[in-house]
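Throughout, protein chains are lettered first and strands after them, A, B, ... in sequence-line order, and every chain is numbered starting at 1.
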2 protein chains.
Amino acid sequence: MFRCFACGICLHAPAIISPTTPKPLQSLRRGRCSHMSTIVEVAKRAGVSVGTVSNVLSGNPSVGRELRERVEAAIRALDYHPNEIARSLKVKQTYMLGMVLPDITNPFFPDIMRGAEEKALQRRYLLVTANTDEQIEREQSILAALRSRRVDGILLACAPGKDSGHIRRVVEAGIPVVCLDRAAVGIKLDSVLLDNVRGGQDCVRHLLRVGYRNIAVITGPHKLQIARERLRGYVEAHREAHLDVNRELILEGDFREESGYRIAKELLLRRVRPSAIFVCNGMMTLGVLQAFEEMGVHYPEDLGLATFDDIVGDHSFYPRLTVVAQPTYEMGAQGADLLMDRIDGKLKGKPLIVRLKPTLTVRSSTKTQNPVAVSSLRPAAL
Amino acid sequence: MFRCFACGICLHAPAIISPTTPKPLQSLRRGRCSHMSTIVEVAKRAGVSVGTVSNVLSGNPSVGRELRERVEAAIRALDYHPNEIARSLKVKQTYMLGMVLPDITNPFFPDIMRGAEEKALQRRYLLVTANTDEQIEREQSILAALRSRRVDGILLACAPGKDSGHIRRVVEAGIPVVCLDRAAVGIKLDSVLLDNVRGGQDCVRHLLRVGYRNIAVITGPHKLQIARERLRGYVEAHREAHLDVNRELILEGDFREESGYRIAKELLLRRVRPSAIFVCNGMMTLGVLQAFEEMGVHYPEDLGLATFDDIVGDHSFYPRLTVVAQPTYEMGAQGADLLMDRIDGKLKGKPLIVRLKPTLTVRSSTKTQNPVAVSSLRPAAL
DNA sequence: TTGGCTATTTGAATCGTTTCATCACGTGTG
DNA sequence: CACACGTGATGAAACGATTCAAATAGCCAA
């Protein structure tokens with residue numbers, strides 16, 4: 001028994017400092033010491049072999065009643081928590097899932113996270129979530145970090161970018177990857193996606209039906225397939241109504257608030273204003289609303305407004321927004337299950353693509369039947 | 001060279017299946033095979049010893065130019081990513097931080113997360129975030145999971161509950177814990193907290209100053225110290241104005257939306273309505289707004305409204321909310337730095353408590369100088 | 001040529017588990 | 001009584017890295 005060099009308080013059990021193990025001094029000298037008891041100490045205390053302790057831990061029924069009880073007592077006495085790191089090294093499974101999200105401040109993603117975490121914990125996996133801020137370089141370094149940590153699989157909502165080399169390399173290294181919300185470009189992978197075309201189409205069809213024309217659309221970054229799909233929905237809705245689309249009314253944003261703000265302002269300053277705006281995600285809509293407010297624009301009187309994502313929910317807006325809601329929790333949950341099935345080998349063969357259905361909820365931001373054109377604007381709130 | 005039993009495609013390098021290593025068949029038989037190259041393979045390919053490869057990886061300058069280059073070439077050729085799990089086992093450090101949050105859907109917490117993650121990545125740590133949904137049992141099991149994974153430290157925003165036994169045990173096991181936003185009950189720990197009393201006091205002082213009386217307060221769960229502190233701010237503000245507080249106007253919520261909704265409805269149905277409501281967090285405010293809308297209540301005309309947290313931000317509300325804003329990003333960032341300093345031993349001695357200052361932002365939800373009493377309600381929107 | 005010294009390089013031991021071949025110990029059978 | 005057999009229990013090897021004492025190589029001086 002020696003007093004710990006680092007903390008000066010604890011006693012090291014023989015298993016930590018003993019004739020056969022002079023090396024641990026290395027880590028102690030660094031000033032780290034956590035006193036975690038090991039399986040060897042448990043075995044020693046219970047007077048059994050390590051193999052037996054391991055068998056008790058894993059619920060192997062071949063352990064006799066007497067020994068089992070002694071081992072359990074020792075575990076409790078030492079407050080033993082198995083070292084999952086060592087276990088991972090041996091069995092080559094970490095029971096960790098990586099989750100890479102582009103914008104954690106977009107409420108869409110925490111919802112996905114909850115769904116995924118719920119499922120993961122049910123199956124004993126731990127979810128490691130990281131945020132890329134829509135930057136592909138960060139996505140690269142996060143993926144590298146997760147890979148070094150040997151996560152068993154990765155849930156990925158890609159940052160925009162045409163180069164998927166870093167993703168491809170992860171996949172080729174044999175790490176299962178499931179795409180969430182946004183598919184990786186140029187790689188066929190298991191995915192849980194929204195039917196974005198349909199979402200855009202439903203929404204714009206509604207706008208057209210209630211009488212809007214000259215509908216502007218603020219899209220996501222064209223590099224992102226989901227952005228292009230939502231735009232396609234917009235185009236399809238026009239096509240089926242036998243209406244031409246005006247390219248001037250298609251504006252590219254980047255799914256972040258500021259771009260919504262900027263583009264809305266631009267739109268509102270045009271000589272010919274659109275009668276309605278369809279915004280392709282919720283964050284940009286926050287920016288649009290900000291612009292509306294600053295310019296004293298009111299909906300639905302002055303302009304119709306509809307958007308992807310129900311991030312502000314049913315709350316507090318008056319009039320409320322007409323939205324295309326995505327089943328976010330579901331998306332996370334299904335993604336996680338898909339990934340774990342792939343890891344466990346329950347799923348074989350070709351990549352599976354799950355398409356979830358969006359829900360159009362019509363609220364009062366598009367209520368009017370005969371939208372007014374430009375006029376009737378109150379002065380800006382300064 | 002053998003074809004892999006699991007995937008049937010890859011060839012196993014000698015280091016994986018060889019005369020001296022018959023055992024890997026174990027894991028292959030399970031159907032897992034990830035082909036990750038190891039330091040041994042790199043060494044073999046470069047014609048050097050494993051020690052040399054290790055030295056190259058860690059940037060040890062004692063490696064000669066020639067060997068260094070050969071090793072680097074081999075690393076690139078094999079797409080070698082060091083196994084951080086094995087490394088962790090040896091050096092007894094995982095470079096992972098746990099982060100335990102009570103409600104990831106409250107935008108307050110993703111903001112904290114961003115701050116913490118930013119700092120963590122700067123110092124090569126990976127942040128593992130988990131959500132407890134305000135349930136103490138989940139907090140327990142998450143802590144156990146993090147402990148088994150041997151995270152180097154934990155950032156904790158506690159779930160409400162009087163029992164901190166599970167937290168104490170983690171601390172006693174020698175794992176550094178830093179409390180964020182909410183302190184653990186009955187344990188002195190490093191913490192980054194808000195000056196909640198001041199936040200409540202500033203806000204209610206403002207309400208009183210502009211003329212509100214009979215101000216109702218919707219608090220958080222009394223089990224939580226921050227909830228009691230905010231309430232204390234309310235009481236202090238009254239005391240300094242020489243006003244009595246009416247216990248009937250103190251209502252206990254649970255920091256979640258539904259409770260705000262429920263309590264606001266209750267308040268609005270009273271024979272004597274308060275003239276203003278001070279809500280102790282942002283999620284509950286969403287509920288309150290919902291109730292207002294359903295009952296056709298308008299602020300500031302019918303009722304003044306002020307709240308902790310700026311979760312809806314400057315956006316979209318008209319009139320906008322008077323809020324006590326918390327420096328969320330900062331909170332996460334400082335918490336992470338504090339934790340890592342403690343881990344690295346840069347910080348010695350007593351627990352450190354950092355108190356951040358809230359900012360009162362007065363907007364139009366409390367604008368009126370002489371609030372109207374009950375009357376003048378428009379009919380509910382159905 | 002040899003010895004001494006430094007600068008590199010090596011490789012065995014170790015971290016805390018799991019796994020499985022082997023062993024010990026009764027027990028029942030021929 | 002000898003033997004086979006089954007049930008538990010054991011413990012050594014292995015996972016992939018780091019570390020450091022020891023070996024080696026290179027170089028210069030004697």
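Heavy atoms only, all atoms of each residue included: B/Ser54 and B/Ile39 are closest at N-CD1, 3.9 Å. Between A/Ile75 and A/Leu57, the shortest heavy-atom distance links the atoms CD1-CD2, 3.7 Å.
C/dT19 atom P lies 10 Å from atom CG of A/Asn60, rounded to whole Å. A/Ile39 has its CD1 atom 19 Å from the P atom of C/dT14, to the nearest Å. Regarding B/Lys92, its NZ atom lies at a distance of 10 Å from the C1' atom of C/dT14, rounded to whole Å. Rounded to a whole Å, the CZ atom of B/Arg68 is 14 Å from the P atom of C/dT10. Remark: C1' of D/dC15 and CD of B/Glu84 are 16 Å apart, rounded to the nearest angstrom.
Residue B/Leu57 is out of contact with every strand shown, counting any heavy-atom pair closer than 4.0 Å. B/Gly51 comes within contact range of at least one nucleobase, with a heavy-atom separation under 4.0 Å.
Judged by closest nucleotide on DNA chain C, B/Gly47 is the one of B/Gly47 and B/Arg150 placed further toward the 5' end. Between B/Arg65 and B/Leu89, it is B/Arg65 whose nearest contact on DNA chain C lies nearer the 5' terminus.
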Please write out each protein N/O paired with an N/O of nucleotides 22-24 of chain C under 3.5 Å, distance rounded to 0.1 Å.
none

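The existence of a salt bridge linking A/Arg138 and B/Glu118 is confirmed by a sub-4.0 Å separation between a basic side-chain nitrogen and an acidic carboxylate oxygen. We find that A/Asp79 and B/Arg147 are joined by a salt bridge, their nearest charged nitrogen and carboxylate oxygen being less than 4.0 Å apart. The pair A/Glu41-A/Arg45 does not count as a salt bridge, with every side-chain nitrogen at least 4.0 angstrom from each carboxylate oxygen.
When each of C/dT18, D/dT18, D/dA17 is scored by its nearest atom to the side-chain atoms of B/Ser54, the top-ranked nucleotide is D/dT18. The side chain of B/Ala86 approaches D/dA17 more closely than any other nucleotide in the set D/dA17, C/dT17, D/dT10. Picking from D/dT18, D/dT10, D/dG16 the nucleotide with the shortest atom distance to the side chain of A/Ser49 gives D/dT10. For B/Thr52, the side-chain atoms get nearest to C/dT10 when compared with the rest of C/dT10, D/dC15, D/dT10. Looking at the side chain of B/Thr38, the nearest of the listed nucleotides C/dA12, C/dC15, D/dG16 is D/dG16. Taking only side-chain atoms of B/Val50, from C-beta outward, the nucleotide of D/dA17, D/dC15, D/dT18 with the closest atom is D/dT18.
Residue-to-nucleotide contacts include a donor-acceptor pair under 3.5 Å from the side chain of A/Lys90 to the base of C/dT18.
A heavy atom lying under 4.0 Å from DNA chain D marks none of the residues of residues 71-80 of chain A.
The 12-atom threshold is not exceeded at CZ of A/Arg169, counting heavy atoms of other residues, nucleotides or ligands nearer than 6.0 Å.
A/Arg65 meets the side-chain hydrogen bond (donor to acceptor under 3.5 Å, both in side chains) test with A/Glu69; sequence neighbours excluded.
No side-chain heavy atom of A/Tyr125 sits less than 4.5 Å from a side-chain heavy atom of A/Met96.
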